[in-house]
Amino acid sequence: MAQILPLETSNIDAAANHNVARRLAAQAAELGSRVAIAVPKSKKRGGKRVYDTMSFEELEADSNRIASGLAEWGVAPGMRIALLVPPSSEFISLVFALFKAGAVIVLIDPGMGRRNLLRCLAEAEPEGMIAIPLAQIVRVLFRRKFPRARFNVTVGSRRMGGAISLAELRRRGRSAEFCYPAADRDPAALLFTTGSTGPPKGVLYRHGNFDQQVTELADFYGIRPGEVDLPGFPLFGLFNCALGVTTVIPQMDASRPARVDPSLICEAIRDWNVTQSFGSPAIWNRVGQYCEKHNVRLPSLSRVLSAGAPVPPHVLAKMKGAIATEGDIHTPYGATEALPVASISASEVLGETQYAWAQGGGTCVGRRFPGIRWKVIRIVDGPISSLEEVLELAANEIGELIVSGPVVTTQYVTRVENNALAKIQDGANFWHRIGDAGYLDRQDRFWFCGRVAHRVQTERGVLYTEPCEGIFNQHPAVFRSALVGVGPAGRQRPVLIAETWPERRPRSRAARRKLLGELGEIAAGHELTREIQHFILHRSLPVDIRHNAKIFREQLAVWATRRLR
């Protein structure tokens, strides 16, 4: 049985504790009964939505109870525990509880499909699962894939597959302050990449990474206790509660943000006078269109954050018109392995950078966060073992972005062969290869030109996706487009695949030919795109599972190859 170490009796200096969960105790002491989490219910009363709420002091007590219950049961610091629970007050409480217990949380997007989910879970080798009943049934059915999983908890109305219930786990613990005193390099979580350029990889997050993320986000955007946030991505609820910000759980399927009901998002923002909201471009595309069509204003909303893929100017413009007059939309840039790296506001994007984007300059993702170091280096297809091997490029030269800093993770713990491809050693430190192509301008802003793996290598040279697509996306019928290469590298044929706005979709062969001809005229009119001679229309481009915004160009390249035979 593991010894329970309450925070107040720990012999480790509190200043050395980098466990992000320690911040919740401070917020609970300050904010007490203030609402920490609000969850909408299906019913309404008098025309108003009903919400279940949990205060900061209730969240602190509940997460302490679960954490100490885990420790009493035998869950020791460093053990990997998979968490398979939908966004809810219990999800947030369990995240804090696992951090407090010193466990390493394994988080996997359910939207990646059963096969990928099972593979990622098996590769993570969890020693337990805290999950809804359906996930516990899957664990039992595929028990051979999880031979080490013995600390299993069912979150639901009944026990499943030999797991204890969450209520029983709570009874094992106590509400007194409890927190594992983590060093900055202690493992905290295992998060998986979306797999947009290969199989999903398990990224090791350390307590220092999370702690620094919270600090940098709060400082950079001026987030203060007392604000109210609607997070379209579940983990943002963790940051909120650690900062004294109320979290309003949105009514949506977190694994399918592109299908969100915008009226429900607007309803929650109005019910709680939400001041900030984080979501993928797919969410804000739907909300922005809804607000414009129905003349909806959200005057309390002063800060919108969007990440996961480049945010089109039309989305930024519609949302900026719907929120507080003095408000803005910010697009933090980074990757699963390194976030946040940079940021830019809609006010800046819709100014001079929008013109450059339309002319093939790529997408400006802004200036780096204070804790980030970055370089653009010559593209190398293969490992780079040492920083001494890189060739740093001058301003305005396109290459690969590499980053280093406290929010940058240092290793994959599944698919470990990718460490050699993604990490560059620099003495005792590492740089991470983002895998994005682009350039730094003379103001030290990074301009994203697409994934390195997606560049099209023809006999005449290299075409980058983002600059070329930005030119075609100016056509009023085009919602988005994707440039792919067909054939072997060095002799690829560039193909432009376009998805139209639903209301502008061609309804006849003549209309299709006309639109394709217009795209050809656009290509011929720009030096960057003159080499593109193949154009195909696609009803709905395939996108990533996490944000429903990042285009899966690998799938499209296979599809285009079949079409051009």
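Just the heavy atoms: all of them, side chains too, but no hydrogens, waters or symmetry mates, feed the values below. Throughout, numbering of the chain's residues begins at 1 and tracks the sequence.
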Looking at [X] and [Y], what are the two nearest heavy atoms and their distance?
| X | Y | result |
| --- | --- | --- |
| Gly173 | Ser68 | CA-OG, 3.2 Å |
| Asn209 | Val407 | ND2-C, 3.9 Å |
| Ala309 | Pro281 | O-CG, 3.5 Å |
| Val403 | Ala338 | CG2-CB, 4.0 Å |
| Ile105 | Val95 | CD1-O, 3.6 Å |
| Val248 | Pro231 | O-CD, 3.3 Å |

[X]/[Y] ion pair, N-O < 4.0 Å:
| X | Y | answer |
| --- | --- | --- |
| Asp328 | Arg303 | no |
| Arg23 | Asp211 | yes |
| Glu177 | Arg22 | no |
| Arg49 | Glu267 | yes |

Any [X] side-chain heavy atom under 4.5 Å of [Y] side chain:
| X | Y | answer |
| --- | --- | --- |
| Pro542 | Leu556 | yes |
| Arg206 | Thr409 | no |
| Gln276 | Leu305 | yes |
| Arg174 | Arg65 | no |
| Pro310 | Glu466 | yes |
| Leu121 | Ile108 | yes |
| Thr247 | Cys241 | yes |
| Leu217 | Phe239 | yes |

Exercise for the section: Using a cut-off of 6.0 Å, state whether more than 12 heavy atoms not belonging to Arg259 lie near its atom CZ. Expected result: no
Practice task
For Glu168, look at atom CD and say whether over 12 heavy atoms of other residues, nucleotides or ligands are found less than 6.0 Å away.
Solution key: yes
Exercise for the section: Could you walk me through whether Glu123 and Arg415 pass salt bridge (charged side-chain N to carboxylate O under 4.0 Å, His left out), step by step? Expected result: CA-CA 8 Å; Glu123 290 175 353; Arg415 308 276 170 169; 2.8 Å; yes
Exercise for the section: Taking the six-membered ring of Tyr412 (Phe, Tyr or Trp), confirm whether the NZ or CZ of Lys423 is under 6.0 Å from its centre and within 45° of its axis. Expected result: yes
Completion exercise
Here the gap from Leu70 atom CG to Ile81 atom CD1, rounded to the nearest 0.5 Å, amounts to 7.0 Å
Give me each pair satisfying ring pair (Phe, Tyr, Trp, His ring centres under 6.0 Å) with a member in [range], each pair once, sequence neighbours excluded.
| range | value |
| --- | --- |
| residues 75-96 | none |
| residues 20-72 | Tyr51-Trp272 |
| residues 109-161 | Trp73-Phe151 |

Handout entry: Pair His18 and Phe210, ring centroids less than 6.0 Å apart
Key = no
Problem - Proximity of Trp284 and His314 rings by center, below 6.0 Å - result: no
Exercise for the section: Mind running salt bridge (charged side-chain N to carboxylate O under 4.0 Å, His left out) on Glu337 and Arg433 for me, showing each step along the way? Expected result: CA-CA 9 Å; Glu337 301 91 336; Arg433 300 171 68 178; over 6 Å; no
Exercise for the section: Test Arg150 against Glu127 for salt bridge (charged side-chain N to carboxylate O under 4.0 Å, His left out), laying out the working first. Expected result: CA-CA 6 Å; Arg150 57 193 180 94; Glu127 294 176 70; 5.1 Å; no
Practice task
Test Glu227 against every option in Asn273, Asn240, Thr275, Thr246 by the side chain to side chain donor-acceptor pair (under 3.5 Å) rule and name the one that passes.
Solution key: Thr275
Exercise for the section: Mind running side chain to side chain donor-acceptor pair (under 3.5 Å) on Tyr290 and Asp261 for me, showing each step along the way? Expected result: CA-CA 9 Å; Tyr290 174 85; Asp261 183 339; over 6 Å; no
